[in-house]
J.: 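Structure incoming, see below.
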There are 2 protein chains.
Amino acid sequence: MATRSQPRTEPRIPLSRERVLYAAVDLADKGGIESLTMRRLAEEVGAEAMSLYYHVANKQEVLDGIVDVIAQEINDVVDKIDAPATGADWKMAVRRRILAAREVLLRHPWAPGVLETRTKASLAIVRYLDGLIGLMRSGGFSYDVAHHALHALGSRALGFTQELFNPGAGSADEEANAMLASMADRLPHLVAMLSEIAHDDPDSTLGWCDDQREFEFGLDLILDGLDRMRETA
Amino acid sequence: MATRSQPRTEPRIPLSRERVLYAAVDLADKGGIESLTMRRLAEEVGAEAMSLYYHVANKQEVLDGIVDVIAQEINDVVDKIDAPATGADWKMAVRRRILAAREVLLRHPWAPGVLETRTKASLAIVRYLDGLIGLMRSGGFSYDVAHHALHALGSRALGFTQELFNPGAGSADEEANAMLASMADRLPHLVAMLSEIAHDDPDSTLGWCDDQREFEFGLDLILDGLDRMRETA
DNA sequence: ACCTGAACACCGTTCAAGT
DNA sequence: ACCTGAACACCGTTCAAGT
């Protein structure tokens, strides 16, 4: 429906590494990470698959790139949080940053999984970690303890926990429940436990069990333990 | 070179789901998880790729199967550990089981990554978790707290922690160090921290940072925190 | 019951060629 | 400098056919 003077469906803004990466994040947000293929990404961006290779070396670099985009988003949010008034507030300051990072990840649920597969450290993530170390330092920790602390937090430092399995939507859940019920004799403690508690709160979830309350429980357990070390040191 | 009476290169033991899964574990152990393809798996087992589909529904089922194999290996080891004498020993009992699980995973370094991608709970893993819950129960925890505890442990319950990135062997490491050094101004705390500490202990590692000492530090921080909750409850 | 050959739809990527 | 078409090597998987 374009006029003859504009021959084909508009040449569009030229490709660029940035445009490719943002389109990749969009694709993953909309269709999950498995929908992110070079061919589909090219389509999304109005080009042929092979054109992408002019702007990124290969798919690994795309994956590195989108992790970096998300990490930058985290830094943007986190940088707006004020520094703590006194060093003793380190715990609250770290806590707020981690929960802010989590909010970003909740908007990009594919990100933790991709992150795990990365072999190169994203610069933006390293920047984020540097901030956490800084907070702990001014809270009175030695570099040595701050280092241990990062390890103890693990992926929690970025706002997510690891799932041991991750039943998707609906059906698998019922199936699992049926299975569990049928073997109550072999799994006595687990069945008893699950019948006492209930996983509600289907929002605020980054997986099956990684909901907000549980995340904060584990986070606080670790932060409290670290704080106690700080006091006795 | 076979005699005419034995026409082709020996018919071999027939295929079976078990044989397929053990061959798959072998392949992953030897060549990493990315070397596990249906076609290569078939070759390993002396058959055509399509023959596998008679014994497993698809590749997802192979992946489910091999984590189950590893989880059984964990249970085999863990079941040999004696139960604690008194309930108060829950902490040491849980600790020993987790460290035993870790030893198994160190022999199958691809397993944590595959585990994370599974959507169905492996029965063997669920059995393992049931055991941990049982120990905590007899240690005096309510089911509610035991449940929180499992969440707080996360993947640590199975003996591994999540890496935020995972530089492989050698070169990438140096590259990362060079990068870090070149931006000491933008990452002051991190560079300072890394110059103070050193990651040695290249054995006992399940990734870059997940070495034995750090794993135990985080584990003990959590277990101690839980124990404190138990005492004040 | 168990295995296979040929074929399909889809990957990531190379390379020589177009503008 | 930027983009592309054709082609390659490799996936997982289906389906009809063999024994």
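Residue numbering restarts at 1 for every chain, and letters A, B, ... go by the order of the sequence lines.
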J.: So, does A:Tyr54 get its side chain near the phosphate of D:dC2, meaning an N or O under 4.0 Å from OP1 or OP2?
T.: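 Checking A:Tyr54 against D:dC2: at least one side-chain N or O falls below 4.0 Å of OP1 or OP2.
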
J.: Generate the contact string for nucleotides 7-19 of chain D. Rules: B means base contact, S means sugar-phosphate contact only, - means no protein heavy atom under 4.0 Å.
T.: B---BBBB-----

J.: Could you tell me how far apart A:Glu48 (CD) and D:dT4 (C1') are, to the nearest whole angstrom?
T.: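 Atom CD in A:Glu48 sits about 7 Å away from atom C1' in D:dT4.
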
J.: Is there a Watson-Crick or G-U wobble partner for C:dC10 with both distances under 3.5 Å, and if so, which one is it?
T.: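 Across any shown strand, C:dC10 pairs with none.
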
J.: So do B:Asp130 and A:Pro188 actually touch side chain to side chain, heavy atoms under 4.5 Å?
T.: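 A:Pro188 reaches B:Asp130 side chain to side chain.
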
J.: Is any side-chain heavy atom of B:Leu99 closer than 4.5 Å to a side-chain heavy atom of B:Leu219?
T.: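 Result yes, sub-4.5 Å side-chain heavy-atom pair found.
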
J.: Please examine the side chains of B:Glu48 and B:Glu43, heavy atoms only from C-beta on, and report whether any two atoms are closer than 4.5 Å.
T.: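 No, every pair of side-chain atoms sits at 4.5 Å or beyond.
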
J.: B:Leu52 has an atom CG; how far is it from atom P of C:dG5, in whole Å?
T.: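 Going from B:Leu52 (CG) to C:dG5 (P), I get 13 Å.
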
J.: Looking only at side chains, do A:Gln72 and A:Arg127 share a donor and an acceptor under 3.5 Å apart?
T.: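 The answer is no; no qualifying pair exists.
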
J.: Given C:dC3, D:dC3, C:dT4, which nucleotide is nearest the side-chain atoms of B:Leu15?
T.: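 So the side chain of B:Leu15 is nearest to C:dC3.
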
J.: Would you say the side-chain atoms of B:Glu73 and B:His108 include a donor-acceptor pair closer than 3.5 Å?
T.: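 Short answer, yes.
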
J.: If C:dG5 has a Watson-Crick or G-U wobble mate with both distances under 3.5 Å, name it; if not, just say none.
T.: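 Paired with D:dC15.
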
J.: Establish, yes or no, whether the cationic atom of A:Arg102 lies under 6.0 Å from the six-membered ring centre of A:Phe160 and within 45° of the ring axis.
T.: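 No, cation not above the ring by the 6.0 Å, 45° rule.
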
